[in-house]
There are 4 protein chains.
Amino acid sequence: MKHGKIYRSDYSTATDARVHQTRAAIRKAFLQLLDQKPLDQITIREIASAASIGYTTFFRHHPSKEELLNEIAASEIKHLIELAMPVLGPIDSREATLTMCRYVAEHRALWSTLLTGGAANVLREEFIRLSLQVAASWESTNEWLPAEVGVILVTSGTIELLAWWLKQKDPIPVEKLAIIFDRTIISPVINQQRS
Amino acid sequence: MKHGKIYRSDYSTATDARVHQTRAAIRKAFLQLLDQKPLDQITIREIASAASIGYTTFFRHHPSKEELLNEIAASEIKHLIELAMPVLGPIDSREATLTMCRYVAEHRALWSTLLTGGAANVLREEFIRLSLQVAASWESTNEWLPAEVGVILVTSGTIELLAWWLKQKDPIPVEKLAIIFDRTIISPVINQQRS
Amino acid sequence: MKHGKIYRSDYSTATDARVHQTRAAIRKAFLQLLDQKPLDQITIREIASAASIGYTTFFRHHPSKEELLNEIAASEIKHLIELAMPVLGPIDSREATLTMCRYVAEHRALWSTLLTGGAANVLREEFIRLSLQVAASWESTNEWLPAEVGVILVTSGTIELLAWWLKQKDPIPVEKLAIIFDRTIISPVINQQRS
Amino acid sequence: MKHGKIYRSDYSTATDARVHQTRAAIRKAFLQLLDQKPLDQITIREIASAASIGYTTFFRHHPSKEELLNEIAASEIKHLIELAMPVLGPIDSREATLTMCRYVAEHRALWSTLLTGGAANVLREEFIRLSLQVAASWESTNEWLPAEVGVILVTSGTIELLAWWLKQKDPIPVEKLAIIFDRTIISPVINQQRS
DNA sequence: CTCTAATCGAGACGGTACGTCGCGTCTTACG
DNA sequence: CGTAAGACGCGACGTACCGTCTCGATTAGAG
């Protein structure tokens with residue numbers, strides 16, 4: 001609506017080494033900046049400068065900084081959702097919970113940026129959007145709880161809990177986190193409950 | 001840090017009828033715009049135009065649109081937190097829950113804008129910030145659950161649940177909402193639990 | 001063309017003592033400010049503040065600061081022109097010259113402001129305009145010199161010379177000034193000349 | 001004193017063709033506007049619009065319209081002063097006078113704008129400033145006439161005379177102008193004189 | 001190993017919104 | 001009941017980024 005054609009190449013299948021190098025530099029610089037301030041206080045010129053690339057070059061790879069964030073976020077979120085889905089299954093939620101927490105712990109730096117940095121709000125929305133999409137076909141587990149609400153609460157609860165955990169200087173061990181996670185977020189939604 | 005002197009008057013004790021009129025017009029126009037798009041896509045010129053006031057006049061009342069939103073949000077949130085606090089008390093959470101839901105239901109239009117419009121993210125942060133502040137002195141209710149986490153989960157859960165509820169075309173009755181609220185958000189945090 | 005009607009009263013025949021007081025205060029404050037900076041760097045609020053009157057009150061007396069300057073300038077210039085005219089007469093230019101210089105010397109503060117302060121350019125134009133008007137009916141004194149040119153040169157020369165004189169810390173005596181005035185400005189225009 | 005950092009480049013050595021094109025367009029549009037109204041009634045937006053460039057682009061080349069005028073004026077004035085200086089020399093003032101008048105005549109359009117348009121006052125000041133600077137080292141030609149006064153009178157007289165000449169619909173021939181110039185402005189200052 | 005095309009840097013440019021300032025009009029409240 | 005105080009609409013200011021668009025310079029990888 002806003003823009004005309006952009007002269008951006010399609011680098012998706014590029015084999016040129018420079019392309020990969022440039023993309024990596026952008027990503028790295030961008031995540032570093034996101035650690036420091038919210039998305040809308042970061043200028044593209046800043047990213048380009050931090051990545052030691054030309055301003056114009058940024059646009060050859062990403063149409064906007066928002067789009068860049070979405071690209072990064074989407075791929076990371078997919079991993080997490082794949083790990084998180086079994087959590088809601090009937091089998092062994094405690095084990096799946098632990099697996100998910102460990103995954104985040106292993107990529108602490110990245111997730112810390114995503115969840116506690118300037119991208120948090122964007123990420124939350126994307127996270128919930130993708131979760132709802134994945135869970136769209138599910139049937140309700142409880143007659144008193146619309147499935148959609150369940151997904152929203154679990155997803156947002158997960159994000160908040162992980163964000164809190166990543167912010168701590170002396171984070172509690174993963175096992176304890178998994179217990180909190182299970183008791184406050186998972187069980188209330190999937191378990192049978194007595195009023 | 002950014003600005004030099006601003007020529008803004010202190011209107012807090014203003015008695016001039018025009019002042020109230022102008023402030024009301026700004027607020028109304030702003031909330032209408034927030035219904036349609038996120039905060040950062042709203043320009044001050046748009047607000048001024050919609051409120052039928054001069055562009056400059058906006059700054060005579062609010063230093064920025066962010067500040068305006070915070071002013072509005074803070075006062076509304078305070079009301080809600082006052083109603084919400086007893087919910088966590090030991091006595092009768094179900095009753096307090098119902099009271100809070102009814103309050104939101106009675107101000108549906110306003111809260112709908114705040115929670116589901118372009119201000120949602122700002123409001124969430126402010127909400128959690130204020131909740132943490134209010135709850136700072138509390139002692140932990142559970143040895144396995146840090147008090148801070150409890151507050152965060154209850155607050156964000158509340159926001160998500162209310163936001164979902166306000167988005168529905170055919171919203172479920174308040175009583176049912178209160179049940180969900182109690183089972184998924186309150187009880188898991190304040191009650192004793194069996195693993 | 002720009003403005004609608006102004007609610008300005010006509011105070012020209014006012015007898016109210018306050019009116020005179022106010023006008024005097026404006027005039028005084030204005031001239032003081034003109035000593036310090038050019039006209040367009042002086043704001044009306046500044047004048048009003050310096051004159052200890054309300055901002056709006058200024059407009060009850062003068063439509064704009066430019067107009068105010070013109071009012072002041074015009075009356076002063078008229079005095080000077082009346083003294084200066086005989087200078088060009090055939091009788092005794094040296095004597096008239098001396099008279100004029102003495103007049104300026106006696107009102108040094110005022111003329112210093114008018115000629116060397118921020119009003120200089122406006123004053124020059126007004127001065128030349130009035131001079132040309134007064135001298136419109138004159139007949140040329142020399143066949144080789146259009147009357148208009150003569151008036152312009154004498155007028156602008158007078159202004160420049162007086163401005164220079166008023167700027168000096170140790171001004172030369174009036175008598176010497178009159179000599180310069182006569183030799184460089186008056187004589188070349190009115191006297192018969194040998195090429 | 002006024003401004004913070006300006007993002008203006010140094011175009012003095014620019015080779016980009018667009019730069020020259022833009023600068024020329026600005027200059028042309030600016031001079032055209034100066035023909036019509038005084039400097040302070042011209043807005044930068046007007047200049048930009050008339051030059052068919054973006055508003056912001058103006059500032060990439062000139063910090064303000066006043067500065068732009070000074071740049072233009074300074075370069076033109078330098079030419080004229082170089083021609084005018086020999087006029088005051090002892091040799092052949094009549095010839096130098098003629099040369100100078102011819103130069104102005106050949107650039108009638110430009111000088112007409114500078115001297116009779118909205119820039120006249122600014123130009124006068126700059127002219128006198130530069131003249132005094134150039135003539136700073138001179139020694140007085142007459143014991144009764146301070147050198148500074150001589151420079152001021154010659155310079156301002158020159159400007160007034162040229163301005164008058166350029167304003168005429170049927171201007172007198174250059175030769176007659178040179179005679180007036182010599183008799184009324186040059187001779188009275190440099191020649192020995194009998195009281 | 002060359003050379004040709006892809007990629008990049010540098011930055012000029014037209015825009016849009018910002019927040020500030022001063023103007024001149026108009027309204028209100030006070031004395 | 002008139003006047004000061006000041007709220008207001010207006011429009012220009014100068015700044016900051018935006019995203020588009022040339023330009024050459026460099027460099028990879030195909031011939």
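Keep in mind it's a predicted model, so treat the numbers as computed, not measured. We name chains A, B, ... by the order of the sequence lines, and we start the count at 1 in each one.
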Within this structure, what is the [atom1]-to-[atom2] distance between [X] and [N], rounded to whole angstrom?
X       : N      : atom1 : atom2 : answer
D/Ile53 : E/dT16 : CD1   : C1'   : 16 Å
D/Phe58 : E/dG15 : CZ    : P     : 17 Å
A/Arg18 : E/dA5  : CZ    : P     : 14 Å
A/Phe59 : F/dT22 : CZ    : P     : 16 Å
C/Gln41 : E/dC23 : CD    : P     : 12 Å
A/Arg60 : F/dT22 : CZ    : P     : 13 Å
B/Arg23 : F/dA7  : CZ    : P     : 12 Å
A/Ile26 : E/dT7  : CD1   : P     : 13 Å

Students often get this wrong, so: under 4.0 angstrom with heavy atoms, is A/Ser52 touching a base, only sugar-phosphate, or nothing?
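If one applies the 4.0 Å heavy-atom cut-off, A/Ser52 turns out to touch the sugar-phosphate alone, with no base involved.
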When you check the phosphate oxygens OP1 and OP2 of [N], does a side-chain N or O of [X] lie under 4.0 Å from one of them?
X       : N      : answer
D/Lys65 : F/dA12 : no
B/Thr57 : F/dC8  : no
D/Ser64 : F/dG14 : no
D/His61 : E/dA12 : no

4.5 Å side-chain heavy-atom contact, C/His61 and C/Ile53:
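When only atoms from C-beta onward are counted, C/Ile53 and C/His61 do not touch, as no gap falls below 4.5 Å.
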Lys/Arg-Asp/Glu bridge criterion (N-O < 4.0 Å) met for [X], [Y]:
X        : Y        : answer
A/Lys78  : A/Glu71  : no
D/Glu125 : C/Arg124 : no
C/Glu46  : C/Lys37  : yes

Please work out which of the three classes, parallel, tilted or perpendicular, describes the rings of A/Phe59 and A/Tyr55, given edges at 30° and 60°.
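Ring orientation of A/Tyr55 relative to A/Phe59: perpendicular.
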Residues that A/Ser64 engages under side-chain contact (heavy atoms from CB on, under 4.5 Å), provided they are two or more places apart:
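Per chain and number, A/Ser64 pairs via side-chain contact (heavy atoms from CB on, under 4.5 Å) with A/Glu66, A/Glu67.
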Could you work out which one of F/dA7, E/dC8, F/dG6 sits closest to the side chain of C/Thr56?
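For the C/Thr56 side chain, the nearest candidate turns out to be F/dG6.
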Can you find a donor-acceptor pair, distance only, under 3.5 Å between A/Tyr55 side chain and F/dG19 base?
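By the distance-only test, yes, there is a pair.
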Please determine which of C/Ile72, C/Leu123, C/Asp35 meets the side-chain contact (heavy atoms from CB on, under 4.5 Å) test together with C/Thr113.
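Running side-chain contact (heavy atoms from CB on, under 4.5 Å) over C/Ile72, C/Leu123, C/Asp35 with C/Thr113 returns exactly one hit, C/Asp35.
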In residues 42-51 of chain B, which residues come under 4.0 Å of DNA chain E by heavy atom?
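Here the set is B/Thr43, B/Ile44, B/Arg45.
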